[in-house]
Amino acid sequence: MTSHAGLLGHTWEHWHWDVEGKSTAVQLSSCQQAVYFHTNMLMESEGSAGVRGTKGFCYGEHYWEIEFIEPPYGTSVMVGLGTKQALLHTGKMQFINLLGMDGESWGLSYKGSLWHNGKSREYTEAFYDKSTVIGVLLDLNSGTLSFYRNGISLGVAFSGLDK
């Protein structure tokens, strides 16, 4: 993840991917800034996998970016956020949109749809391109979650997150 000083008037916050808060199907780089999903080519994927960051948010405005250095592919590739209760792994060959499958998380699929509470709605065009950067703006003052693609706002995706 990347957070740029001055982007949208926000300041850089240091956090990384949580070695304890991840699916067993997730590998982290040694600096915990890069995530690799289902890396063992000899083993078949057993289900959807997720990882959370080391920093939680309760108030204020927070912005971060996820850069796809390879084109996303698979049943479900998502960016978003979840509570501590959000599920990080499904097994038994369940391939689902993990973020947004219930009321504990909110997600944007690489196919362009938003997910929350097990329901989806169209939001933007799919992003299959290499080097796509998805920005996430969590504004807990107004209770909104917005996404950006390569620095361009896609608009408010969810509201009511302050409740």
Side-chain angles (χ1 to χ4, degrees), residues 1-4 7-10 13 15-18 21-23 25-26 28 32-38 45 47-58 60-90 94-163:
M1 89 246 31
T2 306
S3 186
H4 300 288
L7 184 62
L8 302 173
H10 297 90
E13 295 182 60
W15 58 281
H16 51 270
W17 297 113
D18 188 351
K22 69 178 187 63
S23 164
V26 169
L28 302 177
Q32 297 169 315
Q33 294 291 304
V35 179
Y36 307 97
F37 293 91
H38 309 291
S45 174
S48 296
V51 62
R52 66 175 48 100
T54 56
K55 186 169 178 86
F57 306 111
C58 297
E61 293 183 17
H62 307 275
Y63 180 85
W64 63 95
E65 294 179 337
I66 305 298
E67 180 180 3
F68 291 89
I69 56 174
E70 296 290 331
Y73 66 90
T75 304
S76 177
V77 177
M78 303 188 78
V79 175
L81 60 96
T83 69
K84 281 187 175 183
Q85 289 74 36
L87 190 63
L88 294 175
H89 184 81
T90 62
Q94 290 182 319
F95 301 97
I96 62 169
N97 290 311
L98 201 55
L99 285 174
M101 68 172 280
D102 57 23
E104 299 296 330
S105 58
W106 299 258
L108 168 62
S109 166
Y110 78 112
K111 297 175 182 175
S113 57
L114 296 172
W115 284 83
H116 178 63
N117 254 345
K119 297 177 182 153
S120 71
R121 63 181 165 87
E122 291 307 309
Y123 178 65
T124 188
E125 294 178 17
F127 49 96
Y128 297 110
D129 301 332
K130 182 178 179 178
S131 299
T132 298
V133 177
I134 299 296
V136 183
L137 176 60
L138 174 62
D139 183 348
L140 290 170
N141 297 327
S142 66
T144 59
L145 177 62
S146 303
F147 293 100
Y148 292 72
R149 177 195 273 158
N150 298 326
I152 298 170
S153 175
L154 300 174
V156 172
F158 298 102
S159 58
L161 276 73
D162 54 343
K163 294 183 173 47

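The first residue in the sequence is number 1, and the count goes up from there.
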task = For the residue pair R149 and I134, establish whether any side-chain heavy-atom pair is separated by less than 4.5 Å.
result = yes
Result of checking F127, Y128, Y110 against F68 for ring pair (Phe, Tyr, Trp, His ring centres under 6.0 Å) = F127
remark   = For N117, the side-chain contact (heavy atoms from CB on, under 4.5 Å) test, sequence neighbours excluded, returns none
message = Are L81 and L161 packed together at the side-chain level, in the sense that at least one heavy-atom pair is separated by less than 4.5 angstrom?
response = yes
task = Kindly say whether G100 contributes a backbone atom to a donor-acceptor pair with the side chain of S105 at under 3.5 angstrom?
result = yes
Aromatic ring pairing H116/W106, orientation class (parallel under 30°, perpendicular over 60°, tilted between) = parallel
query = So how far is it from K111 NZ to M78 CE, rounded to the nearest 0.5 Å?
reply = 10.0 Å
request  = Please check if atom CD in Q85 has more than 12 non-hydrogen atoms from other residues, nucleotides or ligands closer than 6.0 Å.
outcome  = yes
key: side-chain contact (heavy atoms from CB on, under 4.5 Å) partners for T144, two or more places apart   = D139, S142, V156, S159
note = All heavy atoms of W115 vs all of S120, minimum pair found to be CE2-CB, 3.3 Å
Within-4.5 Å side-chain heavy-atom neighbours: Y63 and E61 = no
key: Verdict with supporting geometry, T124 and F147, side chain to side chain contact (heavy atoms under 4.5 Å, CB included)   = CA-CA 10 Å; T124 188; F147 293 100; over 6 Å; no
request  = State, yes or no, whether a side-chain contact exists between L138 and L140 at a heavy-atom distance under 4.5 Å.
outcome  = yes
key: Gap between atom CG of D102 and atom OG1 of T83 - 0.5 Å precision   = 7.5 Å
inquiry  = Rounded at 0.5 Å granularity, tell me how far OG1 in T132 sits from CD in E65.
reply    = 12.0 Å
key: Distance in Å, K119 NZ paired with S113 OG, rounded so as to fall on 0.5 Å steps   = 15.0 Å
